[in-house]
Amino acid sequence: MAPIKVGDKIPSGYTFMTTTNPEETNACAIPKPVKSEDIFSSGTVVLFAVPGAFTPTCHVQHLPGFAKHAAEFENKGVTKIYCTSTNDIFVLDAWGKQQKSSNVTMLADGNGAFAAAIGMDLDLSLKQMGSHRTKRYALIIKDGVVTYVGEGDVNVSGAEPVLANL
């Protein structure tokens, strides 16, 4: 499938897993399913994706940048910042808690179905990371429609370039 582009509508019917207790730093995630149409269809949201939690670039630059600049995103009208990966919600929740990033909502795309649906799936089996991963990317979504796509390194998918495109 061709990668999602500006002007495309976010597909509906995809289930992510999130957690109901991101602030409880000493507790395991309490999983909660959420549908793509319920979280992307209204308002302005940012979705950024990483190939894996706790991986070098994702851990040192990607997630910390979005957490650090959360207030700036809010000042520019962003109602929610989401981070997705093909990790399970328990790993994403532990990563978010370890990074003290409760201002970023974790969305597990454990089977990679959403990543595949928007053409942002990746096979990292040669690196022993599995054949169903997500690419590194960021989207700005307004009322369910993509207004920015930054696919690749943090110079296009990190917090600063996303802020510059709001």
Side-chain angles (χ1 to χ4, degrees), residues 3-20 22-23 32-55 57-87 89 91-93 95-110 112-122 133-166:
I4 199 161
K5 61 189 181 314
V6 170
D8 286 350
K9 189 169 172 42
I10 294 292
S12 61
Y14 290 89
T15 301
F16 295 95
M17 293 302 285
T18 190
T19 180
T20 60
E23 284 86 26
K32 174 187 173 187
V34 292
K35 293 279 190 189
S36 54
E37 60 269 24
D38 293 336
I39 54 178
F40 299 129
S41 63
S42 66
T44 301
V45 299
V46 169
L47 172 68
F48 72 96
V50 297
F54 295 105
T55 58
T57 301
C58 309
H59 186 68
V60 174
Q61 295 177 349
H62 226 144
L63 177 57
F66 281 95
K68 175 183 172 187
H69 294 290
E72 293 169 64
F73 280 103
E74 186 177 354
N75 290 339
K76 289 192 170 209
V78 172
T79 55
K80 203 81 162 164
I81 301 169
Y82 295 102
C83 174
T84 188
S85 183
T86 48
N87 294 112
I89 190 56
V91 170
L92 285 178
D93 182 64
W95 185 41
K97 289 173 178 175
Q98 188 272 338
Q99 288 283 306
K100 297 177 176 56
S101 62
S102 61
N103 49 10
V104 175
T105 299
M106 297 296 177
L107 296 175
D109 182 21
F114 181 79
I118 65 168
M120 292 291 191
D121 52 329
L122 180 63
R133 294 301 236 185
T134 188
K135 293 180 179 179
R136 181 177 287 113
Y137 67 87
L139 305 175
I140 299 172
I141 305 162
K142 292 185 181 180
D143 298 324
V145 177
V146 177
T147 62
Y148 174 79
V149 177
E151 177 188 349
D153 293 337
V154 293
N155 61 342
V156 294
S157 64
E160 290 83 3
V162 174
L163 273 168
N165 281 279
L166 281 166

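We count residues from 1, following the sequence as given.
The nearest pair of heavy atoms linking Leu139 to Val146 is CD2-CG1, 4.2 Å. Across every non-hydrogen atom of Val6 and Val149, the tightest pair is N-CG2, 4.0 Å. Among all heavy-atom pairs drawn from Pro64 and Gln99, the shortest one is CG-OE1, 3.1 Å. For the residue pair Ser157 and Gly150, the shortest heavy atom distance occurs at CB-O, 3.3 Å. When every heavy atom of Ser12 is checked against every heavy atom of Ser36, the shortest pair comes out as CA-OG, 3.3 Å. Nearest heavy-atom pair across Glu37 and Gly13 is OE1-N, 2.6 Å.
Note that OG1 of Thr86 and CZ of Phe114 are 13.0 Å apart. Values are rounded to the nearest 0.5 Å. With rounding to the nearest 0.5 Å, the separation of OG in Ser41 from NZ in Lys142 is 16.0 Å. Once rounded to the nearest 0.5 Å, the distance linking OG1 of Thr84 with CG of Leu47 reads 6.0 Å. Here the straight-line distance linking atom NZ of Lys80 with atom OG of Ser42 works out to 12.0 Å at 0.5 Å rounding. Here the CD1 atom belonging to Ile10 is positioned 3.5 Å from the CD1 atom belonging to Ile141, to the nearest 0.5 angstrom. In this structure, the separation between CD1 on Ile81 and CG on Leu63 is 10.0 Å, given to the nearest 0.5 Å.
Using a distance-only test at 3.5 Å, with no hydrogens or angles considered, a donor-acceptor pair links the side chain of Thr79 to the main chain of Thr44. In this structure, the side chain of Asp109 engages the main chain of Ala113 through a donor-acceptor pair within 3.5 Å.
You'll find the side chain of Phe40 reaches within 4.5 Å of the side chain of Val45, heavy atoms only. When side chains are defined from C-beta on, Leu92 counts as touching Ser85, because their heavy atoms get closer than 4.5 Å. You'll find the side chain of Ile4 reaches within 4.5 Å of the side chain of Met120, heavy atoms only.
Residues satisfying the side-chain contact (heavy atoms from CB on, under 4.5 Å) test with Val34, not counting sequence neighbours, are Phe16, Thr18, Lys32, Ile39, Leu107. Here Tyr137 pairs with nothing under the ring pair (Phe, Tyr, Trp, His ring centres under 6.0 Å) rule; sequence neighbours left out. In this structure, Tyr148 has no ring pair (Phe, Tyr, Trp, His ring centres under 6.0 Å) partners at least two apart in sequence or on a different chain. Residues passing the side-chain hydrogen bond (donor to acceptor under 3.5 Å, both in side chains) test with Lys35 are Thr15, sequence neighbours excluded. Residues passing the salt bridge (Lys or Arg N to Asp or Glu O under 4.0 Å) test with Lys5, sequence neighbours excluded: Asp8. Scored by the side-chain contact (heavy atoms from CB on, under 4.5 Å) test, Lys76 finds Leu163, Leu166 as partners (sequence neighbours excluded).
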Practice prompt. Starting from the C-alpha separation in whole Å, work towards a yes-or-no answer on side chain to side chain contact (heavy atoms under 4.5 Å, CB included) for Ile118 and Tyr14.
Written response: CA-CA 11 Å; Ile118 65 168; Tyr14 290 89; over 6 Å; no
Item to complete: Please test Ile89 against Met106 for side chain to side chain contact (heavy atoms under 4.5 Å, CB included), starting from the C-alpha separation and ending with a verdict.
Response: CA-CA 7 Å; Ile89 190 56; Met106 297 296 177; 4.2 Å; yes
Practice prompt. For the pair Trp95 and Cys83, evaluate side chain to side chain contact (heavy atoms under 4.5 Å, CB included) and give the outcome as yes or no after the intermediate values.
Written response: CA-CA 11 Å; Trp95 185 41; Cys83 174; 4.0 Å; yes
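Sorted by first then second residue, the salt bridge (Lys or Arg N to Asp or Glu O under 4.0 Å) pairs that include residues 143-152, not counting sequence neighbours, are Lys135-Glu151.
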Let me have the donor-acceptor pairs involving side chains of residues 66-74, under 3.5 Å, with sequence neighbours excluded, atom names and distances please.
residue: His69; atom: ND1; partner: Glu72; partner atom: OE2; Å: 2.6
residue: His69; atom: NE2; partner: Glu160; partner atom: OE2; Å: 3.0

